[in-house]
Amino acid sequence: MSEVGTYTVEDGGIGVMTIDNPPVNALGIAARLALQEGFRRFEGDAAVKAIVVICAGRTFFAGADITEFGKTPQEPNLLAVLDIIEGSSKPVVAAIHGTALGGGFELALTCNYRVAVPSAKVGLPEVNLGLLPGAGGTQRLPRIVGVPAALDIITGGKPIGAQKALEYGMIDALAEEGKLREDAVAFARKVVAEGKPAARVRDRNEKLEEARADMGQFDAYIAKNARAWRGFKAQVAIVRSIQAAVETAPDFDAGFKRERELFHELVTSTESAALRYYFFAEREVAKIPDIGKDVATLPVAKVGVIGAGTMGGGITMNFLNVGLPVTLVEMNQEALDRGLGVIRKNYENTAKKGRMTQEQVEQRMALIDPKIGLEALADVDLVIEAVFEEMSVKKDIFGKLDTICKPGAILASNTSFLDLNEIASATSRPEAVVGMHYFSPANVMRLLEVVRGAKTSREVVKTAMELGKTTGKVAVLAGVCHGFIANRVMVQRSLQAEQLVLEGPSPQDVDQALYDYGFAMGPFAMADLVGLDVTTRGVTERTLRTDLVKLDRLGQKKNGGFYDYDENRKATPSPVAAQVIADLAKFKGVAPKGALSTEEIVGRLLYPVVNEGAKVLEAGIALRACDIDVACILGYNWPLYTGGPMFWADTVGLQKVVDGLKAAGIEPAKLLAEKAAKGESFTR
Ligand code: T1G
């Protein structure tokens, strides 16, 4: 008897098997056994004329069970179950609600018909896990939608709404919302009544034969996307697998054999292991051990933002985007108007790209209540302060908010490094003070560091974390320290970079090494883009940046910086910067050590990030290593296919990281040294 399957026979001989394997009906062993059981029953029951496969709970099968990858396979495996379905002697109808994804949609493609409610989504998102659809998806989908659409759908990995899926032919009919079971059974009855043949997707070859006229399209597709796919493996494998379908049609099994080979290469790759790790990491960071379902979330229906500058404007947009009204406060009309202008311009640019309507622009702008003075914040549920990073300014504002804001209001600071406990000490309600640290541009970057002060209440922390999710962010909890998680660990990279160029390698050597590693841009090019004057504010000691600023070299915006720039902002190595580097090396008595290999440069710059990550863990600033990885990937675009600094360190081997740090004269963190000595890891 199956644990998760129930089987009934409806009028007209329609066998209905309902699979209930929460939370998302992943096709783990229990679900596979239930399907096998269902087909055994219905195949053997002469009264059954057709079969409906439906899921209970929030969704149709959301794919293979990702937690089973890398473990000892349990039989029947997914392919065996799909063979049973496709080999059924009776028409099979998939009844789809929620998200039929990956192996779940591949299962539906082995059924003869697919019926879905309008709210359903279908898709093959395996590329997001560094994989390709390995249960026939790259062979069956192009047979339905054609090659160009299949290339876009599978390399893109985005789910498709039921209506669009109907237009594509990925589903055969829409059921009425809330009446999926009845409508699917009725559809099956109609198939039986019409004696329709149980057509199999695998036998539809016309679209593949058509595609054979342009075999160059596959190389062209890869070339067109080379830049976007840099460092990833799955996308090219997907194109080659679809190409194999075209080359081998009508021999389905030959194409499928190629798909399996490519799938195996990917599933055993470090890239896919990193992406699968990241899939669970992004969900794990939402879990805070001492804040469970029993802790209440505070109501937030109205938000206040102080400061309409770059950060304040971006933060405001996050709330407008989900329909939450924002009282936007500035100290003078000019600053307020400028801020409103930037927000409107951002929305209008999005509208120009067709990603929102002008009406939506007006709707969002209408949600802003622009005000001069803090008094306007008396009735908001949450205030987020995004003003100048000066402790006295922050404490003055929080002291005033303490008298203005209603009881129960959350007082949040967007500070990126100041001591939140000291800010909270300016109020009589430190339990209501929390850090909500956004990354610029705040309406784009998905990371939100929620900073928990010594007295911040669990309700306030929970509310801030959940608000992050509802406004499209991934919230990561951080303790109070200088730079919290992402800034604190990543600053090691630029500090090391500026030390390293004093020893020999040039800025372009260093930037190229990190570019090859997978960063979109190296630390020196990034510094020139941000502006050297911005990052040297308040810096008293002599550094390369302060020396360059002294020469009025502020970066791309003025006179170059670490690089020289032409009128198209194209960077070239700078003899002036090279001289500044040589002069500072001499001043600091740094002896040249000559050129380093790319791997050595990467180690010099990124091992210290891992080391600082270990210190952040030791200090309890981050709850888990995966919190550091999520923060660096979303806050600093650390290459996703490496899994982030901590996962990557495990890939490299912690002993090698420790040896690299020691060779650079850096003391390994206690936790890192201990784990290396014990052969342990941070994330595996
Ligand atoms: N396997 C195992 N666990 C899964 C899972 C899966 N496929 N999908 C979700 N979970 C867990 C998740 O970790 C979380 O656990 C809980 O379910 C709720 O998820 C052969 C190789 C379906 C859109 O890539 O995109 O099929 O944290 O928080 O926001 O070709 O989950 O509660 O302990 O995300 O409502 C392809 C992955 C697999 C879809 C729901 N399928 N899932 O989103 O909830 S590879 C996917 C999702 C494959 C074949 C290949 C989303 C969702 P916990 P959640 P949600």
Side-chain angles (χ1 to χ4, degrees), residues 4 19-32 35 55 57-71 73 76-83 85 96-110 119-141 150 153-161 234 237-238 241-242 256 259-269 271-273 275-289 292-293 446 465-466 468-470 472-475 624 626 630:
V4 300
I19 309 297
D20 189 3
N21 187 29
V24 294
N25 285 305
L27 285 157
I29 187 62
R32 298 196 303 268
L35 286 158
C55 288
R58 64 172 157 175
T59 180
F60 191 75
F61 306 107
D65 187 331
I66 308 169
T67 63
E68 288 187 349
F69 288 132
K71 296 188 181 137
N77 65 34
L78 181 56
L79 302 184
V81 172
L82 298 197
D83 284 348
I85 298 173
I96 298 172
H97 76 293
T99 50
L101 301 175
F105 187 58
E106 289 173 295
L107 182 152
L109 289 175
T110 62
S119 61
K121 291 194 169 85
V122 301
L124 297 170
E126 285 85 344
V127 69
N128 303 325
L129 301 168
L131 298 169
L132 54 74
T138 69
Q139 305 301 303
R140 291 191 177 88
L141 188 68
I153 291 169
I154 306 179
T155 59
K158 297 223 170 1
I160 293 169
I238 288 166
S241 193
I242 295 172
F256 185 44
E259 178 189 284
R260 292 304 303 165
E261 289 160 1
L262 291 163
F263 179 81
H264 186 69
E265 280 171 32
L266 293 175
V267 79
T268 52
S269 71
E271 286 75 17
S272 179
L275 288 161
R276 294 188 321 254
Y277 158 77
Y278 185 77
F279 173 86
F280 291 112
E282 211 175 77
R283 285 152 181 78
E284 193 66 19
V285 295
K287 300 167 185 165
I288 302 171
K293 291 196 171 51
R446 290 183 61 220
M465 292 289 288
E466 291 190 357
K469 188 162 186 184
T470 49
K473 305 298 182 192
V474 175
R624 298 151 291 235
C626 70
V630 170

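Since the model is a prediction, treat every value here as computed from it, not as a measurement. Start at 1 with the first residue, then count along the sequence. Ligands are counted one by one from 1 in listed order, and the atoms in each one are counted from 1 as well.
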Under 4.0 Å from any heavy atom of Phe280, which atoms of ligand 1 are there?
13 (O)

Atom 39 (C) of ligand 1: closest protein heavy atom, distance to 0.1 Å, is Ala62 O, 3.3 Å

Protein contact to atom 32 (O) of ligand 1 [nearest heavy atom, distance to 0.1 Å]
Lys287 NZ, 4.4 Å

Working to the nearest 0.5 Å, report the span between CG of Asp83 and CG of Leu78.
9.5 Å

Heavy-atom protein neighbour under 4.0 angstrom from atom 29 (O) of ligand 1:
no

Under 4.0 Å from one or more heavy atoms of Leu129, ligand 1 contributes atoms 24 (O), 38 (C), 45 (S)

Closest approach of any protein heavy atom to atom 21 (C) of ligand 1, naming residue and atom:
Phe69 CZ, 3.5 Å

Looking only at protein heavy atoms, identify the closest one to atom 17 (O) of ligand 1 and say how far it is in Å.
Pro23 CG, 3.3 Å

Counting non-hydrogen protein atoms only, what is the nearest one to atom 43 (O) of ligand 1? Give residue, atom name and distance.
Arg283 NH2, 5.0 Å

Select one of side chain, backbone, both or neither to describe which atoms of Glu284 lie under 4.0 Å from any atom of ligand 1, heavy atoms only.
neither

Filtering Glu126, Glu106, Glu68 for the heavy atom nearest atom 48 (C) of ligand 1 leaves Glu126

of all protein heavy atoms, closest to atom 9 (C) of ligand 1 is Val24 CG2, 3.5 Å

Identity and separation of the nearest protein heavy atom to atom 52 (C) of ligand 1:
Thr99 OG1, 4.4 Å

